[in-house]
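The structure under discussion appears below in the form of C-alpha cells.
Counting convention: from 1, in listed order, for ligands and their atoms alike.
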Amino acid sequence: MTNHWVDIKNADLVIIMGGNAAEAHPVGFRWVIEAKQTRGAKLVVVDPRFTRSASVADYYAPIRSGTDIAFLGGVINWLIANDKINWEYVKSYTNAGFIVRDDYAFDDGLFSGWDASNGKYADKSSWNYQLDENGMARVDDTLTDPRCVWNLMKDHYSRYTPDMVSSITGTPKDQFLKVCEMLGECAKRDKVATFLYALGWTQHSIGAQNIRTMAMVQTMLGNMGMAGGGINALRGHSNIQGLTDLGLLSTNLPGYLNLPSEKQTDYATYITQTTPKATRPDQMNYWGNTPKFFVSLMKCWFGDNATADNNWGFDWLPKWDKSYDVLQVFELMKQGKMNGYFCQGFNPVAAFPNKNKTIAALSKLKYLVIMDPLATDTSTFWQNHGEQNDVDTASIKTEVFRLPTTCFAEEDGAIVNSGRWLQWHWKGADAPGEAIPDVEIMAGLFLKLRELYRAEGGAPSDPIMNLSWKYRIPHAPMPEELAKELNGTALADIPDPKNPGQFLAKKGEQVPGFAVLQADGSTASGCWIFAGSWTQAGNQMARRDNADPSGLGNTLGWAWAWPANRRILYNRASMDRNGVPWDPARSLFKWNGEKWVGADVPDFKIDEPPGSPMNPFIMQPEGVARFFAIDKMAEGPFPEHYEPMESPIGTNPLHPKVISNPAVRMFKDDRAQLGEHDKFPYVGTTYRLTEHFHYWTKNVRLNAIMQPEQFVEIGEALAKEKGISHGDMVKVSSMRGYIKARAVVTKRIKALTVNGKTVHHIGVPIHWGYEGVAKKGFIANTLTPFVGDANTQTPEFKSFLVNLEKA
Ligand SMILES: Nc1nc2c(c(=O)[nH]1)N[C@H]1C(S)=C(S)[C@@H](COP(=O)(O)OP(=O)(O)OC[C@H]3O[C@@H](n4cnc5c(=O)[nH]c(N)nc54)[C@H](O)[C@@H]3O)O[C@H]1N2
Ligand SMILES: Nc1nc2c(c(=O)[nH]1)N[C@H]1C(S)=C(S)[C@@H](COP(=O)(O)OP(=O)(O)OC[C@H]3O[C@@H](n4cnc5c(=O)[nH]c(N)nc54)[C@H](O)[C@@H]3O)O[C@H]1N2
Ligand SMILES: [Mo]
C-alpha cells in the first residue's frame with residue numbers, strides 16, 4: 001500500500017477492483033465502512049461476480065475477468081476527453097511533459113523493439129526519454145510537443161472508446177460511464193479516491209500492467225501522496241509483505257536491491273549498473289544511495305570477512321541467469337534437473353497451477369523436505385487418493401522428510417502488514433510435539449553444512465564459510481537478535497557531516513535510520529528499509545501508542561512503518577510546489593521556516609524549502625510519477641489490453657494480430673496445454689471464501705463445517721442452458737484435467753456480452769483437497785494453466801477456459 005489500512009477512512013470514493021476485501025480482508029474492510037459512515041464516502045465494486053464486497057457497495061459494475069486494462073484505459077480516455085484532470089499536479093509532478101525518443105512507436109498491438117524472429121522485445125531502448133547533452137531528460141512544460149508523454153498517452157488511449165471498452169469487458173456502457181463519472185469527481189482537489197486491489201488484478205498474464213493503469217488514473221486525478229488516496233495492494237498471507245521486503249524473490253536482495261546477474265561479473269559493473277543517475281536537475285534520486293545499502297547488507301552477512309579489498313564479498317553472491325520463480329522451478333523439476341526441494345510453509349500441489357504437472361515434477365525428485373506444522377496435500381502427493389490424485393505410488397521414488405514447525409502464534413517476532421507497518425507480536429502458546437521454529441531448522445542446517453565443508457572442503461564453500469554467525473545460541477538465533485541485525489549497527493563512530501565533532505551513531509550502537517548507512521564498511525544493516533525499527537531507543541515495532549493528533553489515523557507512535565516510520569508514501573505530493581495542501585482538510589505538513597512538520601514523516605528532504613525544484617517521487621531518477629514507464633516493463637511502456645492466454649473470444653478487438661501478451665514466458669509443453677474457446681467455451685476463475693484460509697483450515701473442524709465441500713458457482717442462464725440444478729454434481733474440465741464439484745446456481749454471476757458474443761463465468765473457490773477433515777475434494781488447480789504475468793510470473797489463476805457438464 002502507498003497508504004495504509006486506517007487511512008482508507010479518509011477516502012471519498014473507494015474502488016474495489018481486482019479484489020474482494022469484504023471476504024478476503026474482513027478486518028481491514030472496517031475502514032471502508034468507516035469512510036462510508038463518517039464522511040459519506042461511496043464504495044464502487046467492479047468484479048465479474050457480485051461479491052460480498054459488492055453487497056455493501058453503492059455501485060457495482062460487472063466485468064469480464066482479464067479485461068481491466070481495457071476498462072481503465074477507457075477511464076483514462078474519458079478523463080482526458082472530459083477534462084477531469086488535476087492539471088497543476090499533472091504538470092508539476094508527472095512525466096506528462098517529458099519528450100519521448102523519436103524511434104518509440106506503437107502499431108497494431110506491438111511496441112517498437114519487437115524482434116519477430118525471437119518473439120521478444122529484444123531492444124527496449126526506444127521506450128525512453130530524449131536526453132540532452134548532459135544526460136538530462138528533455139521536457140515541454142506546455143504539453144504541446146507531439147512527442148511528449150501526455151500526447152502519446154492521449155493518442156494511445158483514444159482507441160479505448162466507451163463502445164470498445166464495453167465490447168471487450170462486457171461491462172454495459174452506461175455502467176462503465178457511471179464509474180468514469182464517479183472517478184472524474186475526484187479530479188477536484190478536495191475529493192480523493194482510493195483503489196483497493198489484490199489478486200483479481202495480479203493473477204493475470206498482464207497483472208503488473210493492470211496495476212500500472214490504475215496508478216496512471218490515480219496520478220491524473222492527483223490522488224497519489226494524499227491522505228485517503230494512493231494505490232493499495234491488500235497483501236495476502238500474514239507477512240507476505242515482509243517476504244518481498246526481505247528479498248525472497250529470486251532476483252532480489254533485501255530492501256528491493258538487485259541480486260547481480262551473471263552478466264554483472266564484477267562489483268564495479270554491478271554497482272554502476274544498479275545505481276541510477278538523476279535525469280533531471282536538482283533531484284533527490286534516492287536509489288543513488290544504493291552502494292551504502294548494498295555494502296551495509298554485505299557487512300551484515302559477512303561481518304569482518306567483507307572488506308573493500310574483496311569488494312565486500314561480491315563474489316560470494318549467486319548470480320542469476322534467469323528468474324527462479326516457482327513456475328520456473330517446477331518446470332526444471334519436471335525436466336529432471338533438480339534433485340531436492342525444500343518446501344517451507346508452501347503447499348504447491350494445492351496452490352500452484354496445473355496440479356498434474358506439479359505432481360509429475362515432484363515425482364522426479366530424489367528428496368522432498370516439507371517444513372510445515374501440518375500434513376499437507378504436498379506431503380502425501382505420492383499416495384493414491386483415488387480420482388482426486390490418481391498416481392502410481394510404486395513408480396514414485398521421491399523420499400519425503402517432514403519437519404514439523406511452529407506457526408506464527410507460537411513464536412515472537414514482527415509481521416509486516418499491507419500498510420508496511422512492522423508490528424511486533426508475542427507468542428500465544430508453546431508449540432505441540434516435536435515442532436521447532438523454522439529459524440532453528442534453517443540454523444541447524446547451516447551449522448551442519450558448515451561442519452561438512454570444514455571437514456571435507458568442496459566448492460563453492462566461500463559463502464558458507466565466510467558468513468557471520470554471532471548468535472548467542474548458534475542453533476537457535478533469537479527473533480530479537482535477528483530484528484536488531486535487520487535494523488543495523490554502526491561498526492565505527494559515524495561522524496555527523498553537519499556538526500563537526502558530533503556523531504550520528506557511535507561504534508556498536510543501533511543505527512537510528514538508513515540515512516546513517518555508509519558505503520565504506522562502517523555500518524551493517526540486513527535490510528536498509530527496516531533501519532529505524534530497532535534503534536538505541538529499543539524495539540520500535542513494539543510501540544503501542546495510538547495517539548492521533550491530526551485525526552487522519554497516522555498514529556506515528558503505533559508500531560513502526562518502513563521507510564522511516566512514514567505512513568503515506570510520496571506525501572510531498574499532497575501539496576502544490578509552494579507547500580499549499582491541495583485539500584486543507586487533508587493537510588499533512590506545514591513549513592515552519594526551517595523544516596516540514598505535521599502529521600506524517602516527510603517523504604522529502606525535511607529541510608528542503610517550499611518552491612524548490614526537487615520533485616516528490618524521490619525514488620525515480622527524474623523525481624516524477626511516470627505515465628510512460630521507461631524501459632522497465634516486459635510488454636511496453638503504456639499498458640495495453642491483451643487477452644488472457646486462454647481467451648473466450650479468440651481474438652483481440654483492438655488488434656486481432658496480437659491477441660495475448662506477446663512478452664509472456666511459456667514453456668513448450670505448457671503451450672501445448674492451452675485450450676481453445678470452441679472446446680472450452682466458459683471463463684473459469686478461482687477465488688477464496690471468508691470461511692477458509694487456503695488449504696490449511698480444512699484441518700479445522702469448525703471451518704470444515706461452515707464450508708464442507710468443493711462447489712462451483714454458475715449463473716442462472718448457463719445452468720438453464722445446461723439443464724443443471726442447484727446442488728447437482730458437475731464436472732468442470734480444462735485442457736489440464738477436470739474436477740467434480742457441487743453446482744451452486746446463483747444470480748451473482750451474470751452472462752456478459754463480449755465482442756457480440758455471450759460469455760459465461762464459472763466461479764471456482766480454491767480451498768479443498770485430499771488432506772484434512774473437510775470432505776475429500778478435487779484440487780481446483782487441476783484446471784489452471786501454467787503461465788504467469790510477464791513481469792512477476794504470478795500465475796494466471798483468474799482467467800482460463802473450461803467446459804461444464806453434469807457429472
Ligand atoms: N478468508 C480468507 N482470507 C484471505 C485468504 C484466504 O484464503 N481466506 N487468502 C489471503 C491471500 S494469500 C490473498 S493473496 C488475498 C487475496 O485477496 P483477493 O484478491 O481479494 O481474493 P480472491 O478471492 O482471490 O479474488 C478477488 C476477486 O477478484 C475477482 N476477479 C477475478 N478476475 C478479475 C478481473 O479480471 N478483474 C477484476 N476486477 N476482478 C476479478 C474475483 O471474482 C474475486 O471476487 O486474500 C487473503 N485473505
Ligand atoms: N487457483 C488459484 N490458486 C491459488 C490462488 C488463487 O487465487 N487461485 N492464490 C494463490 C495465493 S495468493 C497464495 S498466497 C497461495 C497460497 O498457497 P500456500 O501458501 O501454499 O497455502 P497455505 O495453505 O496458506 O500454505 C501455507 C502452509 O504454511 C503452513 N504454515 C503456517 N505457519 C507456518 C510457519 O510458521 N512455518 C512453516 N514452515 N509453515 C507454516 C501451513 O500449515 C500451510 O500448510 O495460493 C495460490 N494459489
Ligand atoms: Mo496470496
Give me the nearest non-hydrogen protein atom to atom 37 (C) of ligand 2 as residue plus atom name, then the distance to 0.1 Å. Thr405 OG1, 3.3 Å

Of the backbone atoms (N, CA, C, O) and the side-chain heavy atoms from C-beta on, which set of Leu234 has a member under 4.0 Å from an atom of ligand 1: side chain, backbone, both, or neither? neither

Phe693/His237 aromatic ring centres below 6.0 Å: yes

If the contact criterion is a heavy-atom separation under 4.0 Å, does His767 count as touching ligand 1? yes

Do any nitrogen or oxygen atoms of Gly236 lie less than 3.5 angstrom from nitrogen or oxygen atoms of ligand 1? no

Any nitrogen or oxygen of Met17, side chain or backbone, less than 3.5 Å from one on ligand 1? no

List the closest protein heavy-atom neighbour of atom 35 (O) of ligand 2: residue, atom name, distance to the nearest 0.1 Å. Thr406 O, 3.0 Å

Side chain, backbone, both or neither: which applies to Arg235 and ligand 1 if a contact is any heavy-atom pair less than 4.0 Å apart? neither

From Pro373, Ser379, Gly345 - option closest to atom 25 (O) of ligand 2 by heavy atom: Gly345

Structural part of His25 in contact with ligand 1, heavy atom criterion under 4.0 angstrom: side chain

I need the nearest protein heavy-atom contact for atom 9 (N) of ligand 2: residue, atom name and distance, please. Arg688 NH2, 3.0 Å

Is the shortest heavy-atom distance from the side chain of Lys36 to the side chain of Asp58 under 4.5 Å? yes

Starting from atom 27 (C) of ligand 2, find the nearest protein heavy-atom neighbour and note its residue, name and distance. Asp372 OD2, 3.3 Å

Check ligand 2 against Phe346 and write out every atom of the ligand that is under 4.0 Å from a heavy-atom position of the residue. 20 (O), 27 (C)

Is there a polar contact, in the sense of an N or O pair closer than 3.5 Å, between Asp68 and ligand 1? yes

Per-atom contacts, ligand 2 versus Met371 - under 4.0 Å to a heavy atom: 37 (C), 38 (N), 39 (N)

What I want to find out is whether Lys427 reaches Glu410 closely enough, with some N-O distance under 4.0 Å, to be called a salt bridge. no

Can Gly66 be said to touch ligand 1, with heavy atoms closer than 4.0 Å? yes

Could an N or O of ligand 1 be found under 3.5 Å from any N or O of Asn20, whether backbone or side chain? yes

Those atoms of ligand 2 less than 4.0 Å from some heavy atom in Cys407: 32 (N), 34 (C), 35 (O)

Around atom 17 (O) of ligand 2, find the nearest protein heavy atom and jot down its residue, atom name and distance. Ala351 CB, 3.1 Å

Need the ligand 2 atom indices (1-based, order shown) with element for anything under 4.0 Å from a heavy-atom of Asn347. 20 (O)

Look only at interatomic distance and state if Ala24 has a nitrogen or oxygen under 3.5 Å from any nitrogen or oxygen of ligand 1. yes

Looking at Tyr687, which atoms of ligand 1 are within less than 4.0 Å of one of its heavy atoms? 22 (P), 23 (O), 24 (O)

Leu689 to ligand 1, any heavy atom closer than 4.0 Å: yes

Could you check whether Lys740 makes a cation-pi contact with Phe778, meaning its NZ or CZ is under 6.0 Å from the centre of the six-membered ring and within 45° of the ring axis? no

Test: Glu646 and Arg736 ion pair at under 4.0 Å: yes

Considering both backbone and side-chain atoms of Leu199, is one of its nitrogen or oxygen atoms within less than 3.5 Å of a nitrogen or oxygen in ligand 1? yes

Any N or O of Thr376 that comes nearer than 3.5 Å to an N or O of ligand 2? no

If we number the atoms of ligand 1 from 1 as shown, the ones under 4.0 Å from a heavy atom of Thr51 are 44 (O)

Cation over ring face, Lys776 and Tyr770, 6.0 Å, 45°: no

Please verify whether a non-hydrogen atom of Gln203 lies at under 4.0 Å from ligand 1. no

Below 30° counts as parallel, above 60° as perpendicular, anything between as tilted: where do the rings of His767 and Tyr695 land? tilted

Minimum-distance protein heavy atom relative to atom 4 (C) of ligand 2: Phe797 CE1, 3.4 Å

Heteroatom proximity flag, His237 to ligand 1, N/O under 3.5 Å: no

Ring-plane angle category for His25 and Trp5, please: parallel below 30°, perpendicular beyond 60°, tilted otherwise. tilted

Closest protein heavy atom (residue, atom, distance) for atom 23 (O) of ligand 2: Trp696 CD1, 2.9 Å

Any nitrogen or oxygen of Asn781, side chain or backbone, less than 3.5 Å from one on ligand 2? yes

Ignoring angles and geometry beyond distance, decide whether Asp47 reaches within less than 3.5 Å of ligand 1 through its nitrogen or oxygen atoms. yes

Does ligand 1 come near enough to Ala198 that some N or O of the ligand is less than 3.5 Å from an N or O of the residue? no

Under 3.5 Å: N/O of Arg49 near N/O of ligand 1: yes

Return the option from Asp438, Thr686, Thr378 holding the heavy atom at the smallest distance from atom 38 (N) of ligand 2. Asp438

Are Phe330 and Tyr341 close enough that their ring centers fall under 6.0 Å? yes

Atoms in ligand 1 with a heavy atom of His692 nearer than 4.0 Å: 1 (N), 2 (C), 6 (C), 7 (O), 8 (N)

Do Gln344 and ligand 2 have an N or O pair less than 3.5 Å apart? no

